[in-house]
Amino acid sequence: MTNARVITVKQVVQVRLLPTPVQASALLATLRACNAAASWLAGQMHADQTFRKFVVHRRFYTELRERFGLAAQPAIRVIGKTVDAYTTFNANLRAGNHGPPGSDRRRRVEDTPIAFRPHAGQPFDARCLSWQLGDAGREGTVSIWTTAGRLRNVRIMGNPAHIALLRSRPIGETDLLHRDGVWLLHAVVDSPETARRQPANGFLGVDLGIANIATTSDGDRTCGSRLNRYRKRQQRIRKRLQAKKTSSARRLLKRRRRKEARFATDVNHQISKTIVAEAERTGRGIAVEDLTGIRARVRLRKPQRATLHSWAFAQLGQFLTYKAQQAGVVVVQVDPAYTSQTCHMCGHVDKRNRRSQAVFHCGRCDFVGHADHNAALNIAARGVERWGDVMRPDAAPILAAS
């Protein structure tokens, strides 16, 4: 008899670290040493064109420890962090995200080794960082390695639900971050994935956009005008402060950093939570467009570029995915081609069908409706087809479009 394998979902839990001034000084020195070591190692790897972790460890481990005064396990974590950075770097090169082969932009990127900011995050594992959380409450302590020795009983504080999650789940890698004067720990916990339910009632299609952040095949729309107004206001404030060039203006700019991103993140959390709850309630899956590489494909006029590049559609997709995993809801990605030009009633495809941003008028069957709602219905139908392709041959016939 064999045991069924338990599928887990990795979830990141954020808690705040509350060090004393002496402890904060030791943590800051540790971040600087680890990132200086990572930048040095990245330069060596770039010069030798060596990117395999085993080879890097064998060649540079001893010198890395001696040069930067790192203990054994932190040195291993520095090597892992640098190798992972180059894995992402080389993947972006292969995908053409830094330009085609032979282009000046790509050549500049290829000739420049990766460098880490002095206060960039540093990963720790159970050998470098241990948790003491007690039985209840929202506080606890950690013991963490630093270049000045091991710090014990460093206070932490977080959301009670997050602390309870840390108490009840195995804790994996933990990243130490110093952001805007605040010390944070991002811990990865493994949570068992809820068994996925078959989408017997079809799929809830979700059309992502700028004017309407998300439109579902049920006709529910989340208007983006509030978020776009907020972003334009933040842009005007930043422009006005940058023009002053005074020390007080620079302080205000620094204090306002990431404010817009936090606002957009909160909006995406609310939208994704609502969509997943509706799909779970109605027994459907979720179908979304695969928008990978859209920034490289789309060409816009200069006034529109800031709007496109501040559009956090990838984050919304990630939120939908992990919330759906926790709820046991199926999520599929479909080809977005011509979803906004195709009539969901008769299948007629013509770019003239979309008369404006909001109006869809089919030239064949004379159907009139909201353009984003029509696109979401097409995405829902493609979700059924996509799920049938994944589960074929036995699952596809039982599905019906929502």
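Keep in mind the model is a prediction, meaning the values are calculated, not measured.
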*Using the side chain to side chain contact (heavy atoms under 4.5 Å, CB included) rule, pick out the option among Leu176, Thr146, Ile144 that qualifies with Thr30.*
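Answer to the side chain to side chain contact (heavy atoms under 4.5 Å, CB included) test with Thr30 among Leu176, Thr146, Ile144: Thr146.
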*asked:* Out of the candidates Ile271, Leu204, Leu320, only one should pair with Val276 under the side chain to side chain contact (heavy atoms under 4.5 Å, CB included) rule; please name it.
replied: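 Result: among Ile271, Leu204, Leu320, Leu320 is the only option passing the side chain to side chain contact (heavy atoms under 4.5 Å, CB included) with Val276.
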Evaluate whether atom [atom1] of [X] has more than 12 neighbouring non-hydrogen atoms of other residues, nucleotides or ligands under 6.0 angstrom away.
X      : atom1 : result
Arg352 : CZ    : no
Arg233 : CZ    : no
Arg355 : CZ    : yes

Any non-hydrogen side-chain atom of [X] less than 4.5 Å from a side-chain atom of [Y]?
X      : Y      : result
Trp145 : Arg150 : yes
Thr282 : Asn201 : no
Pro101 : Arg106 : yes
Arg238 : Leu253 : yes
Gln242 : Lys245 : no
Trp387 : Gln198 : yes
Asp180 : Arg258 : yes
Leu17  : Leu27  : yes

Working to the nearest 0.5 Å, report the span between [atom1] of [X] and [atom2] of [Y].
X      : Y      : atom1 : atom2 : result
Ile213 : Asn268 : CD1   : CG    : 7.0 Å
Thr222 : Leu316 : OG1   : CG    : 9.0 Å
Thr216 : Ile286 : OG1   : CD1   : 10.5 Å
His361 : Asn374 : NE2   : CG    : 12.0 Å
Gln14  : Asn159 : CD    : CG    : 10.5 Å
Leu129 : Asp175 : CG    : CG    : 10.5 Å

Under 4.0 Å between a Lys/Arg side-chain N and an Asp/Glu carboxylate O for [X] and [Y]?
X      : Y      : value
Arg221 : Asp372 : no
Glu110 : Arg107 : no
Arg284 : Asp218 : yes

At their closest point, which heavy atom of [X] faces which heavy atom of [Y], and how far apart are they?
X      : Y      : result
Ala214 : Ile275 : CB-CD1, 4.3 Å
Gly205 : Ile379 : CA-CG2, 4.1 Å
Ser217 : Ala376 : N-CB, 3.6 Å
Gly43  : Pro113 : CA-CB, 4.0 Å
Gly383 : Ala287 : CA-CB, 3.8 Å
Cys362 : Asn353 : CA-OD1, 3.7 Å

Under 3.5 Å: donor-acceptor pair, side chain of [X], backbone of [Y]:
X      : Y      : result
Gln341 : Tyr338 : no
Arg108 : Asp111 : no
Asp290 : Pro336 : no
Ser39  : Phe116 : yes
Ser168 : Leu165 : yes
Thr265 : Ala261 : yes

*Report the residue from Arg58, Arg59, Gln44 that forms a side chain to side chain donor-acceptor pair (under 3.5 Å) with Thr50.*
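The residue from Arg58, Arg59, Gln44 that satisfies side chain to side chain donor-acceptor pair (under 3.5 Å) with Thr50 turns out to be Arg59.
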Check: residues 64-85 side-chain donor-acceptor pairs under 3.5 Å, at least two apart:
from  : atom 1 : to     : atom 2 : distance (Å)
Arg65 : NE     : Leu70  : O      : 3.1
Arg65 : NH1    : Tyr61  : OH     : 3.2
Arg67 : NH2    : Glu63  : OE2    : 2.8
Gln73 : NE2    : Asp125 : OD2    : 2.6
Arg77 : NH2    : Glu173 : OE1    : 2.2
Lys81 : NZ     : Asn35  : OD1    : 2.8
Lys81 : NZ     : Gly121 : O      : 3.2
Lys81 : NZ     : Gln122 : OE1    : 3.0
Thr82 : OG1    : Val78  : O      : 2.8

Check residues 322-330 and write down every donor-acceptor pair under 3.5 Å in which the side-chain atom is one partner and the other belongs to a residue at least two apart or another chain.
from   : atom 1 : to     : atom 2 : distance (Å)
Lys323 : NZ     : His269 : ND1    : 3.2
Gln326 : NE2    : Gln11  : OE1    : 3.2

Expected list for residues 130-140: side-chain donor-acceptor pairs under 3.5 angstrom, two or more places apart:
from   : atom 1 : to     : atom 2 : distance (Å)
Ser130 : OG     : Gln132 : NE2    : 3.3
Gln132 : OE1    : Thr141 : OG1    : 3.1
Arg138 : NE     : Gly158 : O      : 3.4

_Can you list everything that forms a ring-ring contact (aromatic ring centres under 6.0 Å, His included) with Trp183? Sequence neighbours excluded, please._
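Expected list: His178.
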*Using the side-chain contact (heavy atoms from CB on, under 4.5 Å) rule, take His119 and Arg32 through it: C-alpha gap first, then chi angles, then the decisive distance, then the call.*
CA-CA 6 Å; His119 297 164; Arg32 287 172 179 162; 3.3 Å; yes
*Which pairs pass ring-ring contact (aromatic ring centres under 6.0 Å, His included) with one or both residues in residues 72-111, sequence neighbours excluded?*
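For residues 72-111: Phe51-Tyr86, Tyr86-Phe89.
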*For residues 212-232, pull every pair meeting ring-ring contact (aromatic ring centres under 6.0 Å, His included), keeping only residues two or more places apart or in separate chains.*
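ring-ring contact (aromatic ring centres under 6.0 Å, His included) check on residues 212-232 returns Tyr230-Phe263.
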_In this structure, is the centre-to-centre distance between the rings of Phe360 and His373 below 6.0 Å?_
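No, the ring centres sit 6.0 Å or more apart.
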*Does the side chain of Thr339 come under 3.5 Å of the side chain of Arg382 through a donor N or O and an acceptor N or O?*
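Result is no, nothing qualifies.
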*Evaluate the criterion side-chain contact (heavy atoms from CB on, under 4.5 Å) for residue pair Arg197 and Glu280; output intermediate values, then yes/no.*
CA-CA 9 Å; Arg197 291 181 291 274; Glu280 183 181 15; 3.3 Å; yes
_Walk me through whether His344 and Phe367 qualify under side-chain contact (heavy atoms from CB on, under 4.5 Å)._
CA-CA 9 Å; His344 80 278; Phe367 165 78; 3.4 Å; yes
